[in-house]
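Report on the following structure.
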Amino acid sequence: MLLANSFSPFTFSRVALKSVQRVQSTLSSLKSEANEEKENDKLYKLIELEMRSNDPAVLKSYSHFVNEAAKELNINVGERWAPKKALHDRLTLLRSIHVKKKYRVQYETRTYFSFMQLHKLTGSTTSTFLEYIQRNLPEGVALKVAKVALEKFPDYVKQIPPTS
């Protein structure tokens, strides 16, 4: 009697709902993997990484980490550079809201940059590498990625025969 009361139709529907959700999530992950495979067939001529931070030591450490990770995956690392000076943003505000315009407070933020170029990558290598470095991104560092893909000529572009 106890067992019959503990399994209500509501419990079965919850279990069925969970199994349906699992199947749907599995199907959606398979569809996303198929879409990724289509993207993985791409070839990239150049990938440029722009890293920003307010702390130069953290930025230098992270750019060294990205360089070593690229070497481990046999990725061609092109140029690496970082401007010597930081970008300064200054904001001047009144110390008091309503009176005494003479007294002001000045705030300043400094942003340091580091750039890196990666050459001749496939789509699967690119996605793996970018996911790895983005998962290990430390606090206070921003990463911007720009990709240059290689495309084949469209069918409507024809080669002009040389004239002799």
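Predicted model, so just to flag it, every value in this text is computed and none were measured. Hydrogens, waters and symmetry mates are skipped; everything else that's a heavy atom, side chains included, is used.
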So, does [X] use its side chain to make a donor-acceptor pair with the main chain of [Y] at under 3.5 Å?
X: Ser61; Y: Ala57; result: no
X: Thr111; Y: Asn54; result: no
X: Tyr112; Y: Leu87; result: no

Does [X] have more than 12 heavy atoms from other residues, nucleotides or ligands lying within 6.0 Å of its [atom1]?
X: Leu91; atom1: CG; value: yes
X: His119; atom1: NE2; value: yes
X: Glu72; atom1: CD; value: no
X: Glu68; atom1: CD; value: yes

Assess the residue pair Phe113 and Leu59 against the criterion (side-chain contact (heavy atoms from CB on, under 4.5 Å)); give the C-alpha distance rounded to whole Å, side-chain angles, the decisive distance to 0.1 Å, and a yes or no. CA-CA 8 Å; Phe113 293 89; Leu59 183 65; 5.5 Å; no

Val58/Val141 under side-chain contact (heavy atoms from CB on, under 4.5 Å): CA gap, chis, key distance, verdict: CA-CA 8 Å; Val58 173; Val141 177; 3.6 Å; yes

Just by distance, with hydrogens left out, do Thr125 and Thr122 show a side-chain donor and acceptor under 3.5 Å apart?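 Yes, because at least one side-chain N or O of Thr125 sits under 3.5 Å from a partner of the opposite role on Thr122.
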
Side-chain contact, heavy-atom cut-off 4.5 Å: [X] with [Y]?
X: Gln117; Y: Leu46; value: yes
X: Phe129; Y: Ile75; value: yes
X: Phe115; Y: Ser63; value: no
X: Val145; Y: Leu143; value: yes
X: Tyr107; Y: Thr109; value: no
X: Leu130; Y: Arg135; value: no
X: Gln106; Y: Glu108; value: no

Take the angle between the ring planes of Phe65 and Tyr132 and call it parallel below 30°, perpendicular above 60°, tilted in between.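 Rings of Phe65 and Tyr132: tilted, as their planes differ by 30° to 60°.
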
Please round to the nearest 0.5 Å and tell me the distance separating atom [atom1] of [X] and atom [atom2] of [Y].
X: Tyr62; Y: Leu49; atom1: OH; atom2: CG; value: 8.0 Å
X: Glu48; Y: Lys147; atom1: CD; atom2: NZ; value: 14.0 Å
X: Arg110; Y: Ser53; atom1: CZ; atom2: OG; value: 13.5 Å
X: Leu94; Y: Lys100; atom1: CG; atom2: NZ; value: 12.5 Å
X: Ile133; Y: Asn67; atom1: CD1; atom2: CG; value: 11.0 Å
X: Lys45; Y: Glu151; atom1: NZ; atom2: CD; value: 13.0 Å

Quick one, Val148 with Tyr44, criterion side-chain contact (heavy atoms from CB on, under 4.5 Å). Give me CA distance, side-chain angles, the key distance, then yes/no. CA-CA 6 Å; Val148 178; Tyr44 293 103; over 6 Å; no

Take Met116 and Leu118 through the side-chain contact (heavy atoms from CB on, under 4.5 Å) test and state the conclusion after the steps. CA-CA 7 Å; Met116 184 180 295; Leu118 308 171; 4.2 Å; yes

